[in-house]
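Everything on this sheet refers to the single structure shown next.
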There are 2 protein chains.
Amino acid sequence: MAGTSRDAARARTAQRILDAAREEFAAHGYKGATVRAIAEKAGVHPSLVMQHHGTKERLFASAARLPADDEQAAAEHVSDVLGARLDDLPPQTRALMRSMLTSPEAERAMRDHLDRRVLNLSASLEGDDAETRALLAVCGILGLTVARHFLKLEAFERISDDDLAAAASARFLTGKAGD
Amino acid sequence: MAGTSRDAARARTAQRILDAAREEFAAHGYKGATVRAIAEKAGVHPSLVMQHHGTKERLFASAARLPADDEQAAAEHVSDVLGARLDDLPPQTRALMRSMLTSPEAERAMRDHLDRRVLNLSASLEGDDAETRALLAVCGILGLTVARHFLKLEAFERISDDDLAAAASARFLTGKAGD
DNA sequence: GTCTATACGTGGATAGAC
DNA sequence: GTCTATCCACGTATAGAC
C-alpha cells in the first residue's frame, strides 16, 4: 500500500518516455531517433531511458509493436484494411513502417505482419489465383501507404479519398470482396 | 601530360570508393552505412572518403542517384516498368529505396522520381480517372518492389514471376496499356 | 529507490603531418 | 596524395547524488 504512489510515479515516467519514443521513432526511424532526444522530450535524463527500458532496441520493440496482431488481423475485412490505410496512421505503425527498410527488427515485424495479411486475405478470396490476388492487394496497400504518408506524392493532393478508395477496391478486389 | 597518370590514379580511387559506397548504402541504408566501412571495403583510409566526396551526404547523393531520370522515364512504357521492378534491382536503386523512409535526401529524390512517373503514365492513359489509375499503378509497383526485394514476403516464393506480372498488368492497366 | 553525472567506445568531420 | 591527430555527438554502462 505504502509503495503504490512510488511505483505509480515510476510507471508514469516510463510511460512518458515510451510516448516520447513513439513520436521520435515515428518521425526519424530507429537510427535517426536518439536516446538523448527522447529523454529531452520526456523531460528526463538520458540515462533514465536506459534504466527503464534496458536498451534502445528494446525501447523500440516496445514503442513500435503493432496493436494486437493475431486476433485483429484475422477478423479484419478487406474493406476495413483499405479504408484504414487511407486515414492517418497511429504512431506505432508509423514508427514501424519508417524503420522497416533499415532496421532488421522492424523488417521482420513487418514481414510477419504482411505474411499473415496475405494468408488471411487469400483465404477469403476464390479462384486458383487467390493468393496472387491477395499478394497484389497487400502490396498495393503497402505502396499506397508509403507513397501517401511518407513520400507524400503530389498526386494525392489532387485526388479525393473516395475516388482513390473506389478505384483501389475495383482493381484489388475483383469478383468477391471481403465484406 | 605529365599529370595524367596521377589524375587517373586519383579518379580510380574515387571510383573504387563510390562502388564500395553503393554496396554499403544498398545493404544498410544511409544511416546504417558507415564511412569507415566504405573506406575499408575500398581499401583506403576513412579520411580519403571525405577528401574525395566532401561529406557523407554528398557521397550518398552521388552513389544513390537514379540513372538518367528525365529522358528515360519519359520514354518508358508501362510494361517495361512492370517488368523491371520484378527483376533484381541495381545497387543505386536499392540504396535509394532502402533510405527513402529515413533520409530526407532520399525521400525527396524518390518523391520527385515517382511524381514524374505518375505524370508520364497518366498522360499515356485515357479516361477521366487517368491520374487516379496512374497513381494506383505506380504505388502498386512501389509496394511490390518493397515487399519482394526488401521485406521478402514468403508468398513470393510460391508465385511465379509470370503469374505475378500477368495479374499485375490485368489489374493496373485496364483498358489501354502503354505498349 | 529514483534519478543524475560521468566515462568509454564508435560514429562523422576537420586540420595538419608525412 | 595519403594518413594521423583531434573534435563533437551518439549509445551505453557505471558510480554517485538526492
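A, B, ... follow the sequence lines: proteins, then strands. Residue 1 opens every chain. Here the structure is a predicted model, which means the values were calculated and not measured.
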Under the rule for salt bridge (Lys or Arg N to Asp or Glu O under 4.0 Å), what residues qualify as partners of [X], not counting sequence neighbours?
X: Glu105(A); result: Arg108(A)
X: Arg94(A); result: none
X: Asp129(A); result: Arg133(A)
X: Arg36(A); result: none

In residues 45-56 of chain A, what residues come within less than 4.0 Å of DNA chain C, judged by heavy atoms?
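Hits under 4.0 Å, by residue number: His45(A), Ser47(A), Leu48(A), Gln51(A), His52(A).
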Rounding to 10 degrees, work out the angle separating the end axes of the helix from dG1(C)-dC18(D) to dC18(C)-dG1(D) (five pairs an end).
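Between the axes fitted at each end of the helix from dG1(C)-dC18(D) to dC18(C)-dG1(D) lies an angle of 10°.
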Scan residues 37-52 of chain A for pairs that pass salt bridge (Lys or Arg N to Asp or Glu O under 4.0 Å), counting only residues two or more places apart or in two chains.
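As it turns out, the salt bridge (Lys or Arg N to Asp or Glu O under 4.0 Å) pairs with a partner in residues 37-52 of chain A, which skip direct neighbours, are Glu23(A)-Lys41(A), Glu24(A)-Lys41(A).
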Could you list all the salt bridge (Lys or Arg N to Asp or Glu O under 4.0 Å) pairs where at least one residue sits in residues 137-146 of chain B, not counting sequence neighbours?
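The answer is none; no pair qualifies.
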Residues of residues 18-40 of chain B with any non-hydrogen atom less than 4.0 angstrom from an atom of DNA chain D: list those, numerically ordered, please.
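Result for residues 18-40 of chain B: none.
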Set of residues satisfying side-chain hydrogen bond (donor to acceptor under 3.5 Å, both in side chains) with respect to Lys152(B), sequence neighbours excluded:
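Testing Lys152(B) for side-chain hydrogen bond (donor to acceptor under 3.5 Å, both in side chains), a comparison that skips the adjacent residues, returns none.
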According to side-chain hydrogen bond (donor to acceptor under 3.5 Å, both in side chains), who are the partners of Glu57(A), at least two apart in sequence or on a separate chain?
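For Glu57(A) there are no side-chain hydrogen bond (donor to acceptor under 3.5 Å, both in side chains) partners, ignoring immediate neighbours.
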Hey, could you give me each pair passing ring pair (Phe, Tyr, Trp, His ring centres under 6.0 Å) that has a residue in residues 34-60 of chain B? Not counting sequence neighbours.
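Residue pairs with at least one partner in residues 34-60 of chain B: Phe25(B)-Phe60(B), Tyr30(B)-Phe60(B).
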Starting at the 5' end of DNA chain D, which residue's closest nucleotide do you reach first, Val44(B) or Glu57(A)?
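Upstream on the strand: Val44(B).
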Under a 4.5 Å cut-off applied to non-hydrogen side-chain atoms, are Lys31(B) and Thr102(A) in contact?
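Sidechains of Thr102(A) and Lys31(B): no contact.
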